[in-house]
Undergrad: 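Take this structure, written in structure tokens, and hold onto it; I'll ask about it next.
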Amino acid sequence: MSRPSLLRLLPHFGRALAARMDVAAWVGATMLFAAAMIWGAALYSMREAETTAQHVDDLRHRFKTFAATQSVAAHAIPSLPDYYQKFPAPDQVSVVLKSVHDAAGKAGFDLTMADYRETPVAGTSLGRYEVSLQVRAAYPQLRRWLAEIMNEWPSLALVECTIKRDSVLAPTIEAQLRLAFYHRSR
């Protein structure tokens, strides 16, 4: 006769053990099983934390090595006065206004009303020349004109734009525009 294998005896042993256990034994066995699972999860988490700490240390070392090889002067941030020097001089305002009006004429429409006002920009070395315009034109003309003048003068900003059309089929629109031209202070 052959000996019964251990695997064949396990189900019999489990059934015999389960038949002899009362409720307290079941609760105890469940608690032991849960404790073993929690302990295993804690060990896994501790190993993962160690691995992560090693990665962080490696990245810190790499960063320090990289930072040491970089030249600070090569990445210097320009100073604020240098930034302000990139804006046009205050005497360029008349040139900008002439350019705005000439571009409107070239686009095929007239500026029907204009209001001009100069104000300083608080806390900076810049001035702002605001121009309020009323324009009657076809929408594509207006967009081309705005694109042209804003590309020509990067310090020109569109502050406000209100567009009205008499009807859906009307070929022209009426636009109220407020532009601001930023320049160095006097």
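Here the structure is a predicted model, which means the values were calculated and not measured.
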Undergrad: Just wondering, more than 12 heavy atoms not from Arg165 lying within 6.0 Å of its CZ?
TA: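 Yes.
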
Undergrad: Arg136 vs Asp166, test: salt bridge (Lys or Arg N to Asp or Glu O under 4.0 Å). Steps then yes/no.
TA: CA-CA 11 Å; Arg136 244 182 123 63; Asp166 294 334; 3.6 Å; yes

Undergrad: Are Glu118 and His183 close enough that a side-chain donor and a side-chain acceptor fall under 3.5 Å?
TA: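 There is such a pair (donor and acceptor under 3.5 Å, judged by atom type) between the side chains of Glu118 and His183.
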
Undergrad: For side chain to side chain contact (heavy atoms under 4.5 Å, CB included), just list the numbers for Lys164 and Gln176, CA-CA rounded to whole Å, side-chain angles, deciding distance to a tenth of an Å, and then say yes or no.
TA: CA-CA 9 Å; Lys164 294 180 188 174; Gln176 300 279 336; 5.9 Å; no

Undergrad: Please report the shortest heavy-atom distance between Phe87 and Ser155, naming the atom on each side.
TA: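 What the structure gives for the nearest pair is CD2-CB, 3.9 Å.
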
Undergrad: Counting C-beta onward and ignoring hydrogens, is there a side-chain heavy-atom pair between Thr30 and Leu32 closer than 4.5 Å?
TA: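 Side chain of Thr30 against side chain of Leu32, heavy atoms only: no contact under 4.5 Å found.
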
Undergrad: Treat each ILVMFWY residue as a node, draw an edge where side-chain heavy atoms are under 4.5 Å apart, and state whether Met113 and Leu179 are in one component.
TA: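 Hydrophobic grouping puts Met113 apart from Leu179.
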
Undergrad: Hey, does His61 have a side-chain heavy atom less than 4.5 Å from the side chain of Thr65?
TA: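 The answer is yes; the side chains approach within 4.5 Å.
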
Undergrad: Would you call Phe63 and Asp58 a side-chain contact if the rule is heavy atoms closer than 4.5 Å?
TA: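 Phe63 vs Asp58: side chains apart.
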
Undergrad: Let me check something: do Leu97 and Tyr182 share a hydrophobic cluster, defined by ILVMFWY side-chain heavy atoms less than 4.5 Å apart, either directly or through other members?
TA: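 No, separate clusters.
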
Undergrad: Among Leu146, Ile173, Thr172, Leu111, which residue meets the side chain to side chain contact (heavy atoms under 4.5 Å, CB included) test with Val135?
TA: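 It is Leu111, the one option of Leu146, Ile173, Thr172, Leu111 that forms the side chain to side chain contact (heavy atoms under 4.5 Å, CB included) with Val135.
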
Undergrad: Answer yes if Ile149 and Tyr139 sit in the same cluster of Ile, Leu, Val, Met, Phe, Trp and Tyr residues linked by side chain heavy atoms under 4.5 Å apart, and no otherwise.
TA: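 Linked, Ile149 and Tyr139 end up in one cluster.
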
Undergrad: Could you tell me if the side chain of Glu152 sits less than 4.5 Å from the side chain of Ser99, heavy atoms only?
TA: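 In short, these two side chains touch, coming nearer than 4.5 Å.
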
Undergrad: Between Gln134 and Glu174, do the side chains contain a donor N or O and an acceptor N or O under 3.5 Å apart?
TA: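 Yes, Gln134 and Glu174 have a side-chain donor paired with an acceptor closer than 3.5 Å.
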
Undergrad: May I ask you to decide if Ser125's main-chain N or O and Ser185's side chain share a donor-acceptor pair within less than 3.5 Å?
TA: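 Checking the backbone N and O of Ser125 against the side chain of Ser185, a donor-acceptor pair under 3.5 Å is found.
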
Undergrad: Are Leu126 and Leu158 connected, step by step, through hydrophobic side chains (Ile, Leu, Val, Met, Phe, Trp, Tyr) whose heavy atoms are closer than 4.5 Å?
TA: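 No, because Leu126 and Leu158 fall into different hydrophobic clusters, even though each may have its own neighbours under 4.5 Å.
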
Undergrad: Return the NE2 to CZ distance between His55 and Arg60, rounded to the nearest 0.5 Å.
TA: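 Nearest 0.5 Å value for the NE2-CZ distance: 14.0 Å.
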
Undergrad: Verify the cluster assignment for Phe109 and Met150: are they in a single hydrophobic cluster under the rule of side-chain heavy atoms below 4.5 Å apart?
TA: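 Yes, because Phe109 and Met150 connect within a single hydrophobic cluster, where side-chain heavy atoms sit under 4.5 Å apart.
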
Undergrad: I need the minimum non-hydrogen distance between Ala89 and Arg184, along with the two atoms involved.
TA: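 Shortest heavy-atom separation between Ala89 and Arg184 comes out as CB-NH2, 3.2 Å.
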
Undergrad: With rounding to the nearest 0.5 angstrom, report the CZ to CG distance, Arg62 to Asp57.
TA: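 Between atom CZ of Arg62 and atom CG of Asp57 there are 12.5 Å.
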
Undergrad: Measure across Ala137 and Gln141 and return the closest heavy-atom pair with its distance rounded to 0.1 Å.
TA: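 Closest heavy-atom pair between Ala137 and Gln141: CB-OE1, 3.8 Å.
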
Undergrad: Give a yes or no on whether Tyr116 atom OH has more than 12 heavy-atom contacts from other residues, nucleotides or ligands under 6.0 Å away.
TA: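 Count over threshold, so yes.
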
Undergrad: Nearest 0.5 angstrom please: Arg117 CZ to Tyr129 OH, how far?
TA: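 Taking CZ in Arg117 and OH in Tyr129, the distance rounds to 11.0 Å.
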
Undergrad: Determine whether Leu177 and Leu142 make a side-chain contact, defined as any pair of heavy atoms from C-beta on separated by less than 4.5 Å.
TA: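 Leu177 vs Leu142: side chains touch.
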
Undergrad: Give me the atom names and distance for the closest heavy-atom approach of Gly123 to Tyr84.
TA: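 Shortest heavy-atom contact: O-OH, 4.4 Å.
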
Undergrad: Any side-chain heavy atom of Glu130 sitting closer than 4.5 Å to one from Phe181?
TA: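 Side-chain contact under 4.5 Å: no.
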
Undergrad: To the nearest 0.5 Å, what is the distance between CG on Asp102 and CD on Glu148?
TA: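 One finds 9.5 Å between CG of Asp102 and CD of Glu148.
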
Undergrad: Has Ser45 got a side-chain atom pairing as donor or acceptor with Ala41's backbone, closer than 3.5 angstrom?
TA: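 Yes; at least one donor-acceptor contact below 3.5 Å.
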
Undergrad: I'd like to check Tyr83 versus Thr124 (side-chain heavy atoms, cut-off strictly below 4.5 Å). Are they in contact?
TA: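 No, side chains not in contact.
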
Undergrad: State whether the number of non-hydrogen atoms from other residues, nucleotides or ligands found under 6.0 Å of Met37 atom CE is greater than 12.
TA: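 Not buried by this count: 12 neighbours or fewer within 6.0 Å.
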
Undergrad: Check this for me, if you would: do Arg178 and Asp115 make a salt bridge, where the nitrogen-to-carboxylate-oxygen distance has to be below 4.0 angstrom?
TA: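 A salt bridge is absent here (no side-chain N lies under 4.0 Å from a carboxylate O).
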
Undergrad: Report yes if some heavy atom in the side chain of Val100 is under 4.5 Å from a heavy atom in the side chain of Val131; otherwise report no.
TA: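 No - every pair of side-chain heavy atoms lies 4.5 Å or more apart.
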
